[in-house]
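What follows is a single structure, written as structure tokens, with notes after it.
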Protein chains: 2
Amino acid sequence: MRATKARLVISKASKGTFELNQDAARVTTIVPTRQATRSDELRDHLEEMILDGRLAPGERLDEMELSRRFGLSRTPVREAIKSLLAIGLIETRGRQGTHVALLSIPAIIEMFDVMASLEGLCAKLAARRATPSERAAMRAVHEDLVKAYEGGDPVAFYKVNQQFHDLLYEAAHTHFIAEQAIQLRRRIGAYRLRATYQPGRMLGTLTEHVRIMDAIDAGDPDAAQKAASDHVQLLGDQLTDFISSLPPRMSGAQ
Amino acid sequence: MRATKARLVISKASKGTFELNQDAARVTTIVPTRQATRSDELRDHLEEMILDGRLAPGERLDEMELSRRFGLSRTPVREAIKSLLAIGLIETRGRQGTHVALLSIPAIIEMFDVMASLEGLCAKLAARRATPSERAAMRAVHEDLVKAYEGGDPVAFYKVNQQFHDLLYEAAHTHFIAEQAIQLRRRIGAYRLRATYQPGRMLGTLTEHVRIMDAIDAGDPDAAQKAASDHVQLLGDQLTDFISSLPPRMSGAQ
DNA sequence: CGCGTAAATGGCGTATGCAAAAAAGACAAA
DNA sequence: TTTGTCTTTTTTGCATACGCCATTTACGCG
């Protein structure tokens with residue numbers, strides 16, 4: 001198989017380019033983002049598949065099958081798998097191949113605990129550090145979220161909601177914490193999406209977001225921390241209630 | 001280079017065996033732990049080298065050099081690197097190879113913030129869940145810690161202190177949170193050791209530990225959470241003060 | 001003497017082949 | 001029927017080879 005063979009373009013082409021980092025009006029630094037390798041693309045693609053449920057928890061990831069399916073050799077496949085292994089999204093069971101990680105319900109609860117802490121930290125910092133434009137951006141996205149709610153589109157709601165939280169991380173001006181939060185969000189993303197469908201959750205989200213934004217605007221770090229933490233905790237509670245109510249076979253959790 | 005060539009046994013031989021998981025008196029599940037591959041060994045070894053400073057922040061990791069040095073081909077080296085990349089211990093700068101991650105001071109501060117949250121969560125859970133024997137074990141290790149303090153041995157103190165925190169995680173009966181805490185502790189471990197040498201830190205640690213244990217014994221989750229969180233936060237504050245006081249060249253942080 | 005362009009070199013990403021180990025299956029014996 | 005062992009097959013782990021890209025260096029031209 002040579003380079004002439006049709007190469008599958010796996011995911012978004014947002015990589016392999018340059019990011020223009022316009023700090024001030026004058027300086028324009030060019031940060032060369034490493035162009036995505038096939039291994040990177042596959043990793044992102046697999047991650048996406050896991051998160052949106054195309055790869056169910058427990059499902060097997062066969063190296064050769066993936067090679068065939070995506071038209072590359074086993075080497076990049078193995079490297080992608082190694083990455084996902086290190087994050088904890090997948091796990092190896094002896095010699096029986098690698099499988100999408102199964103999350104126990106206690107583990108999910110713990111994850112939401114941690115997530116709540118992280119979001120709380122971000123909100124606390126945002127209350128101290130957010131610029132006026134960042135606050136405005138959050139309000140603006142919140143308007144979008146209201147629209148998505150009124151439109152009754154859970155998927156759009158889920159996406160816009162994610163934007164809101166991204167803005168929160170940005171407003172906190174953190175690097176490590178935001179990174180951890182995003183990584184954790186990925187791990188529980190598959191479950192989190194389901195929570196959106198819970199009755200009353202979308203409306204609850206809206207009011208909770210307002211509470212967070214108000215605290216940030218008021219410059220009250222403690223209130224912001226509590227508001228954000230509670231927000232995530234409520235989500236987690238509702239989700240775990242939901243999962244617990246399902247028959248074990250359907251829950252996707254062992 | 002064939003298998004006959006002398007193979008470097010890199011690290012602890014704790015893997016490649018079976019773990020007996022005796023749940024009750026009757027059931028004995030056997031969890032086959034995958035035997036450590038060369039890639040895994042190298043990953044652990046590199047991680048150790050990074051943490052104890054043999055690989056300095058910013059130092060380059062050359063694939064071929066590592067292959068030569070450890071007597072294996074580039075493939076397992078690359079896989080080990082991929083794993084460390086995913087964790088964030090190393091990073092790739094453009095096309096110039098991979099380097100040990102440089103931690104900025106703000107990043108270190110954030111890490112201690114997160115660490116404080118995680119420890120707080122564990123303490124909170126421990127206050128609710130710790131068994132009498134677990135509480136007793138913490139007291140016992142604390143006695144060792146006092147002895148290490150009286151003996152004036154910072155390295156021993158550091159190690160026993162780590163034991164204490166491990167016991168805290170255990171008493172919390174968590175899996176995910178403890179895992180996260182340990183992983184994070186590894187990332188800031190190199191800096192944390194230095195904090196032990198700060199004047200008054202060892203004594204402070206002792207009194208703070210007592211506060212944590214008292215809260216746990218009293219069954220007061222909130223007090224335990226705050227005590228543990230404050231404990232880590234104090235450590236972090238003192239450490240960042242110390243690092244900030246160093247000339248930039250010596251700090252190991254950019 | 002400086003700058004731009006082209007060749008060279010070093011390193012990285014990917015493909016492929018081989019060997020070993022473990023799981024699965026078949027067959028025989030108790 | 002069940003169990004134990006041997007064989008087969010599947011799959012993983014590692015080594016090696018090759019092509020490409022980027023950086024660097026050297027040479028020529030202005």
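From a predicted model like this one, the values you see are computed outputs, not experimental measurements. Just so we're on the same page: letters track the sequence lines, and every chain starts at 1.
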Do any side-chain atoms of residues 160-167 of chain B form donor-acceptor pairs under 3.5 angstrom with protein atoms, and if so which ones, sequence neighbours left out?
| from | atom 1 | to | atom 2 | distance (Å) |
| --- | --- | --- | --- | --- |
| B:Asn161 | OD1 | B:His165 | NE2 | 3.4 |
| B:Asn161 | OD1 | B:His209 | NE2 | 3.3 |
| B:His165 | ND1 | B:Glu119 | OE1 | 2.8 |
| B:His165 | ND1 | B:Glu119 | OE2 | 3.2 |
| B:His165 | NE2 | B:His231 | NE2 | 3.4 |
| B:Asp166 | OD1 | B:Arg185 | NH1 | 3.3 |
| B:Asp166 | OD1 | B:Arg185 | NH2 | 2.9 |

Item to check | Spacing of CG belonging to B:Leu55 relative to CZ belonging to B:Arg60, to within rounding of 0.5 Å | outcome: 13.0 Å
Round to the nearest Å and state the distance from [X] atom [atom1] to [N] atom [atom2].
{"X": "A:Ile90", "N": "D:dT12", "atom1": "CD1", "atom2": "P", "value": "11 Å"}
{"X": "B:Met64", "N": "D:dT16", "atom1": "CE", "atom2": "P", "value": "13 Å"}
{"X": "A:Lys82", "N": "D:dT12", "atom1": "NZ", "atom2": "P", "value": "11 Å"}
{"X": "B:Leu72", "N": "D:dC14", "atom1": "CG", "atom2": "P", "value": "8 Å"}
{"X": "A:Arg38", "N": "C:dG13", "atom1": "CZ", "atom2": "C1'", "value": "8 Å"}
{"X": "B:Arg74", "N": "C:dG13", "atom1": "CZ", "atom2": "P", "value": "8 Å"}
{"X": "A:Phe70", "N": "C:dA15", "atom1": "CZ", "atom2": "P", "value": "14 Å"}
{"X": "A:Leu66", "N": "D:dT12", "atom1": "CG", "atom2": "P", "value": "10 Å"}

Checklist entry - Any side-chain N or O of A:Thr75 less than 4.0 Å from the OP1 or OP2 oxygen of C:dT14? => result no
Item to check | Short side-chain N/O contact from A:Arg78 to OP1 or OP2 of D:dA15, under 4.0 Å | outcome: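 Checking D:dA15 against A:Arg78, no side-chain N or O comes under 4.0 Å of OP1 or OP2.
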Next on the checklist: By nearest atom, which of the nucleotides D:dT11, C:dA15, C:dG13 is closest to the A:Pro76 side chain?
Outcome noted: C:dA15
Checklist entry - Between D:dT11, D:dC14, C:dC12, which one does the side chain of B:Ser73 approach most closely? => result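 Looking only at heavy atoms from C-beta outward on B:Ser73, the closest nucleotide is D:dC14.
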Item to check | Sub-4.5 Å side-chain heavy-atom contact between A:Pro57 and A:Leu102 | outcome: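 In short, these two side chains touch, coming nearer than 4.5 Å.
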Item to check | Contacts of B:Arg74 that satisfy side-chain hydrogen bond (donor to acceptor under 3.5 Å, both in side chains) - sequence neighbours left out | outcome: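 Checked B:Arg74 against side-chain hydrogen bond (donor to acceptor under 3.5 Å, both in side chains); matches are B:Glu63.
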